[in-house]
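The shown structure was predicted, so the numbers you read here are calculated from the model rather than taken from an experiment. Proteins get letters first, then strands, A, B, ... in listed order; numbering begins at 1 in each.
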Number of protein chains: 2
Amino acid sequence: MKQRILVVDDEPEAVELVEFNLRQAGYAVSTAADGAEALKKARSQTPDLIVLDVMLPEMDGFEICKTLRLDAATANVPIIMLTAKAAEIDRVLGLELGADDYLTKPFSPRELLLRVKKILARSAPQEKAKEQLRFGDLMIDLPRHIATWKNKPIELTATEFKLLTILAQRAGRVQSRDQLLRDVWEYDSVIDTRTVDTHMRRLREKIGAAAKHLDTVRGVGYRFVE
Amino acid sequence: MKQRILVVDDEPEAVELVEFNLRQAGYAVSTAADGAEALKKARSQTPDLIVLDVMLPEMDGFEICKTLRLDAATANVPIIMLTAKAAEIDRVLGLELGADDYLTKPFSPRELLLRVKKILARSAPQEKAKEQLRFGDLMIDLPRHIATWKNKPIELTATEFKLLTILAQRAGRVQSRDQLLRDVWEYDSVIDTRTVDTHMRRLREKIGAAAKHLDTVRGVGYRFVE
DNA sequence: AGGCTTCGTCACCCAATCGTAACGCGTTCG
DNA sequence: CGAACGCGTTACGATTGGGTGACGAAGCCT
């Protein structure tokens, strides 16, 4: 599966150049011309890397960078800043804001690729086999056994946590009650299927607003929607 | 404790400039003027970072870099390469050889500091995690086999200490009783899982106020929280 | 050998958690 | 249009999981 890179720049030529080179190198590329579009795409696509120009109309690169860092969904996406000014203050700000690297324009495509490759190589191994699930403001951390909503922890019992996890891991696909009993309660369960309902209810109660992710499919079972 | 940086360059002026700025920033600095000296000091002092000029008499920066990477004692020390040539090939080589970053001369002291700080910030927490753990007023010293609370020593038995250590090293992640039995008691243990409970109790008793770090996750296991 | 520490196991107890039954409401279907 | 059905909701008894105290065995030191 290709890694996705979001390129943010208001100059079409610059975007084109960068996009071409990144595609050539085998990456999937999205683009955005302004801050609003950048934030929207960053959030919806959660790319593996963002190449971000500092000079943008309305919201500049620093603003975008800050905002991205504040949102749990994009806080960990590495960012490479592009700046036309060689002025050092820009660089400092760029790095201290949480950017992972920067390039001063004009830069060679080769140098860009080098930086991109390096950053991705560093962060790739961190993508531990789905140890952490994120859906908007909802976060589920398997090893920590913690679920949070808007960074606030949700108190869940062991079964509730497992139920939520199973549903979230199969996001989009409907799970029948029998299926859930097998996966959450471990097969062999001679348990009433209505038990699932009760636990779903308790789960919904506890996760509050996040309950919107939990869909009931009448006559079939339950489904986690993103 | 200050972090040590080894600066390798054959031009005394360059060394002086870099050394001054790094000291100013609070780092301990060693210097070397050629490859042989660099390798020797790198091995004997195992600095936290090496700033390495490419252009050196006899053995050049690339050679040194390769050699450092081959030696287990220095394989993981981050390296920042300095190059006077803007030629890209140098950069590529520098990064592909395992250098962690590079700077082209002339560079500003501020930019160097920025890079240094960034690299150290990335690798520092990994190193610390090995010898000494700190969580607020609680300190665990692995090599000394000592734990303290507000600088006052806590008397712990061998198993208690190991249990605490394992939990602290995996801070945040829940450890099941079986997991703990395997890691603390060494696998093969035909020990009752309830034994873990007892030791947890004794541990909590002894560490007193620090017990707030030890969380019970009902139905799952135990977790060390920061 | 004797006293002390450390360790593993057991038994007891309480509270959190779980499974089930019962009730009620909206939906579906004959 | 009404009965059957499916699911949410509430309530409650049963179970489980883990804290706690106690005890014997093994190791360690003097």
Side-chain angles (χ1 to χ4, degrees), chain A residues 145-147 153-167 174-225, chain B residues 145-147 153-167 174-225:
Chain A
H145 213 265
I146 282 176
I154 307 172
E155 297 288 333
L156 294 179
T157 69
T159 16
E160 283 156 8
F161 185 83
K162 197 162 184 184
L163 177 60
L164 177 62
T165 302
I166 294 285
L167 283 169
V174 180
Q175 304 294 307
S176 71
R177 290 180 172 64
D178 286 318
Q179 185 81 44
L180 291 172
L181 279 176
R182 239 173 303 154
D183 295 344
V184 179
W185 280 257
E186 313 295 333
Y187 55 13
D188 80 331
S189 50
V190 201
I191 298 182
D192 192 340
T193 57
R194 289 307 306 279
T195 298
V196 180
D197 297 33
T198 304
H199 279 274
M200 281 299 298
R201 186 194 133 272
R202 289 176 183 148
L203 184 54
R204 280 170 168 157
E205 212 173 61
K206 290 189 180 177
I207 68 179
K212 69 180 180 188
H213 289 292
L214 301 176
D215 255 15
T216 302
V217 183
R218 196 183 168 87
V220 187
Y222 295 95
R223 173 180 49 192
F224 188 100
V225 294
Chain B
H145 213 263
I146 283 176
I154 306 173
E155 296 290 332
L156 293 179
T157 68
T159 12
E160 283 157 8
F161 185 81
K162 196 161 186 184
L163 177 60
L164 177 62
T165 301
I166 293 285
L167 282 169
V174 177
Q175 305 294 308
S176 70
R177 290 180 171 65
D178 286 317
Q179 185 82 45
L180 290 172
L181 280 176
R182 241 173 302 155
D183 295 344
V184 179
W185 280 259
E186 312 296 334
Y187 61 2
D188 78 333
S189 50
V190 200
I191 297 182
D192 192 341
T193 57
R194 289 308 304 279
T195 297
V196 180
D197 298 31
T198 304
H199 279 272
M200 282 298 298
R201 177 176 53 107
R202 290 174 182 150
L203 183 54
R204 280 169 168 158
E205 250 171 29
K206 291 189 181 178
I207 68 178
K212 69 179 179 188
H213 289 292
L214 300 176
D215 252 15
T216 302
V217 183
R218 194 183 169 90
V220 187
Y222 294 96
R223 173 180 49 199
F224 189 101
V225 294

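Between B:Thr216 and A:Gly219, the residue whose closest nucleotide on DNA chain D is further toward the 5' end is A:Gly219. Projected onto DNA chain D by closest heavy-atom contact, A:Glu205 and A:Val220 fall at different nucleotides, the more 5' of which corresponds to A:Val220.
Applying the 4.0 Å criterion to OP1 and OP2 of D:dG8, one finds that A:Tyr222 has a side-chain N or O inside that range. Contact annotation: A:Arg177 side-chain N/O to D:dC7 OP1/OP2 distance is under 4.0 Å.
A distance-only check finds a donor-acceptor pair linking the side chain of B:Arg204 to the backbone of B:Leu214 [under 3.5 Å].
In this model, no side-chain donor or acceptor of A:Arg218 finds a partner on the base of C:dT28 within 3.5 Å.
The residues B:Asp197 and B:Arg177 are annotated as salt-bridged, a charged nitrogen and a carboxylate oxygen being separated by less than 4.0 angstrom. Looking at A:Glu160 and A:Arg202, no side-chain N of the basic residue comes within less than 4.0 Å of a carboxylate O on the acidic one, giving no salt bridge.
A:Leu181 places its CG atom 11 Å from the C1' atom of C:dG19, with the value rounded to the nearest Å. The CG-P distance, from A:Asp197 to D:dA11, rounds to 18 Å in whole Å. Rounded to whole Å, atom C1' of C:dT17 lies 15 Å from atom CG of A:Leu203.
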Query raised in the report: In the 5'-to-3' direction, what one-character label does each nucleotide of nucleotides 4-13 of chain C receive under the scheme B = base within less than 4.0 Å of a protein heavy atom, S = sugar-phosphate only, - = no such atom?
Result: --SBBBS---

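Using cut-offs of 30° and 60° on the angle between ring planes, the pair A:Trp185 and A:His199 is perpendicular.
For the residue pair B:Val220 and A:Ala158, the shortest heavy atom distance occurs at CG2-CB, 4.1 Å.
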